[in-house]
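Keep in mind that what you see is a predicted model, and the values were worked out from it rather than measured. Positions are given from 1 along the sequence.
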Amino acid sequence: MGKLTRGLALGLGIAGGMTAFNVVQELNAGPLMSEVPGKTGYWHASQGMIFYKTVGSGEPVVLAHGFNAAASSYEMRRQVAPLAERFQVYAFDWLGYGLSERPGVLYTAELYADLLNGFLKEVVGRPAHIVASSQATAYVIQNAANTPELYRRLLLITPTGIQSLIGEPNGLTRAARGTIASPVLGTFLFNLLASKPSLRSFLEKQAYYNPSYVTDEMIEAYFVTSHQPGARYAPASFLTNYLTLPIAQAWTRLQQPTCIAWGEQSKINPITEATAFLTLKRDTRFEVFHRSRLLPHDEEADHFNALALDFLSGGVGR
């Protein structure tokens, strides 16, 4: 057998192995279910179908989860019921995540910012309070500055866009995104990134300060949502700077009452970066969660929910 033939056979074997691995991963994931309470709704946006849950009555509060390889409104599951005692709560999955559609399009910051405004106009139908996490905060800040009539109070969890996550795609990241979005190799690489050991390592070392919060049930929830058809497309953009958005100027123009919640133990987005936000907008309410990292609303849910109820109801706090 010649070298070319052997090389071709090896390449086909590797591709076949990756394809088989990808199929097994999707089969092992099983069906995706929402663990967020409330009535199910579907919004048919121009970019694709958006899944959401709604519960409660009163002024609307929209919960916008953050972005990662396995993101969904599951992140906000512990906020829904407490807030619904006083508000009408909407918790949605961003396009490309959770139970929303996952088309193979180029996901960008502009796409998500437009989706958020569209959701407020067409689904909520009136000005809303917003609770947003990490990367989603940048879209809230920009939109609230540009279309203030849609936004009331803003509760932002470890926000980005002034010092962190402000870079733009370059040649290297564009190539990386293309690789991750590719059907066989990209799916294989993404499945490795979203494997159960990888998810556990990220959650225990980066997302949570107390690793005991990371249960087998949580790992399973993250695994299932990250192994649905098309799951790699949106994270491919997140990992390669397509979703970053500089918001320093928009931040200074905000007129809405604003509160920042920050996990003191955060590594990825350290609390030192809060200084830039507080310096540029000195009337911002600031709450530190001493035993949390990226997800203080989950890791210290009682503390966070009390803050949210007070702030969104008009409290100025400390």
Side-chain angles (χ1 to χ4, degrees), residues 61-68 71-73 75-76 79 83 90-97 107-117 119-120 128-148 150-167 206-207 234 237-238 241-264 266-281 283-289 292-299 304 307-308 311-312:
V61 173
V62 174
L63 308 181
H65 67 80
F67 291 77
N68 54 55
S72 75
S73 54
E75 177 190 331
M76 298 286 191
Q79 278 61 67
L83 291 179
Y90 295 82
F92 69 92
D93 291 329
W94 288 106
L95 189 74
Y97 290 100
Y107 293 82
T108 65
E110 292 73 24
L111 180 151
Y112 283 124
D114 288 346
L115 271 174
L116 180 58
N117 266 0
F119 186 84
L120 294 182
H129 305 299
I130 310 291
V131 179
S133 176
S134 60
Q135 182 67 62
T137 62
Y139 314 139
V140 171
I141 292 166
Q142 175 174 273
N143 285 0
N146 293 338
T147 53
L150 297 177
Y151 296 81
R152 300 189 69 183
R153 288 176 169 258
L154 313 179
L155 176 48
L156 310 174
I157 306 164
T158 55
T160 67
I162 292 182
Q163 291 180 313
S164 63
L165 295 180
I166 58 175
Q206 302 293 339
S237 287
F238 170 70
N241 289 344
Y242 280 86
L243 303 189
T244 61
L245 188 66
I247 49 80
Q249 291 187 351
W251 176 249
T252 63
R253 292 190 287 113
L254 285 182
Q255 298 300 312
Q256 298 86 349
T258 306
C259 178
I260 289 177
W262 214 296
E264 187 176 27
S266 178
K267 294 180 178 179
I268 293 177
N269 198 7
I271 196 169
T272 53
E273 298 199 2
T275 302
F277 285 91
L278 301 177
T279 300
L280 290 174
K281 192 174 188 300
D283 61 346
T284 302
R285 180 173 173 180
F286 185 57
E287 189 87 5
V288 177
F289 291 76
S292 296
R293 285 190 175 146
L294 284 179
L295 304 172
H297 49 303
D298 195 32
E299 195 160 12
F304 182 88
L307 167 68
F311 173 71
L312 298 177

For the residue pair W94 and A64, what are the closest heavy atoms and their distance? CZ2-CB, 4.0 Å
Do L150 and N143 come within less than 4.5 Å of each other through their side chains, counting heavy atoms only? no
Side-chain contact, heavy-atom cut-off 4.5 Å: Y97 with Y107? no
Separation between CD1 (I260) and CG (L278), nearest 0.5 Å, reads 5.5 Å
CZ of R293 to CD of Q206, rounded to nearest 0.5 Å, is 7.0 Å
Kindly indicate whether the side chain of I157, heavy atoms from C-beta on, has any atom under 4.5 Å from the side chain of F289. no
Heavy atoms of A132 and T137 approach each other most closely as O-CG2, 3.4 Å
Please report the closest heavy-atom contact between I162 and A276, naming both atoms and the distance. CG2-CB, 3.6 Å
Has Q249 got more than 12 heavy atoms of other residues, nucleotides or ligands less than 6.0 Å from its CD? no
Which distance, rounded to the nearest 0.5 Å, do you find between the SG of C259 and the CZ of R153? 9.5 Å
Nearest 0.5 angstrom please: Y112 OH to Y242 OH, how far? 14.0 Å
Please state whether the rings of H65 and F67 are parallel, tilted or perpendicular, taking 30° and 60° as the class boundaries. tilted
Judged by atom type as modelled, is there a donor-acceptor pair below 3.5 Å linking the side chain of Q256 to the main-chain atoms of A144? yes
Side-chain heavy-atom pair P159, W262 within 4.5 angstrom cut-off: yes
Which of L254, N146, V62, L116 passes side-chain contact (heavy atoms from CB on, under 4.5 Å) with Y151? Answer is L116
Using the side chain to side chain contact (heavy atoms under 4.5 Å, CB included) rule, take L120 and Y90 through it: C-alpha gap first, then chi angles, then the decisive distance, then the call. CA-CA 10 Å; L120 294 182; Y90 295 82; over 6 Å; no
Which heavy atom of A250 sits nearest to which heavy atom of A145, and what is that distance? O-CB, 3.5 Å
Okay, side chain of E75, backbone of G66: is any donor-acceptor separation there less than 3.5 Å? yes
Rounded at 0.5 Å granularity, tell me how far CD1 in I271 sits from OG1 in T158. 10.5 Å
Can you name the closest pair of heavy atoms from T244 and Q135 and give their distance? CA-NE2, 3.9 Å
Exactly one of N117, L245, I247, L115 should register a side-chain contact (heavy atoms from CB on, under 4.5 Å) with Y139. Which one does? L245
Rounding to 0.5 Å, atoms OG1 (T108) and CG (L243) come to a distance of 7.5 Å
Stepwise side chain to side chain contact (heavy atoms under 4.5 Å, CB included) check, R285 with L307: CA-CA 11 Å; R285 180 173 173 180; L307 167 68; 3.4 Å; yes
Are V131 and L312 side-chain neighbours, meaning at least one heavy-atom pair lies under 4.5 Å? yes
Please give me the minimum heavy-atom distance between A207 and E299, naming the atom from each residue. O-OE1, 4.2 Å
Taking side chain as C-beta onward, heavy atoms only, is T284 less than 4.5 Å from W251? yes
So do F304 and L295 actually touch side chain to side chain, heavy atoms under 4.5 Å? no
Donor-acceptor under 3.5 Å (S266 side chain, N269 main chain): yes
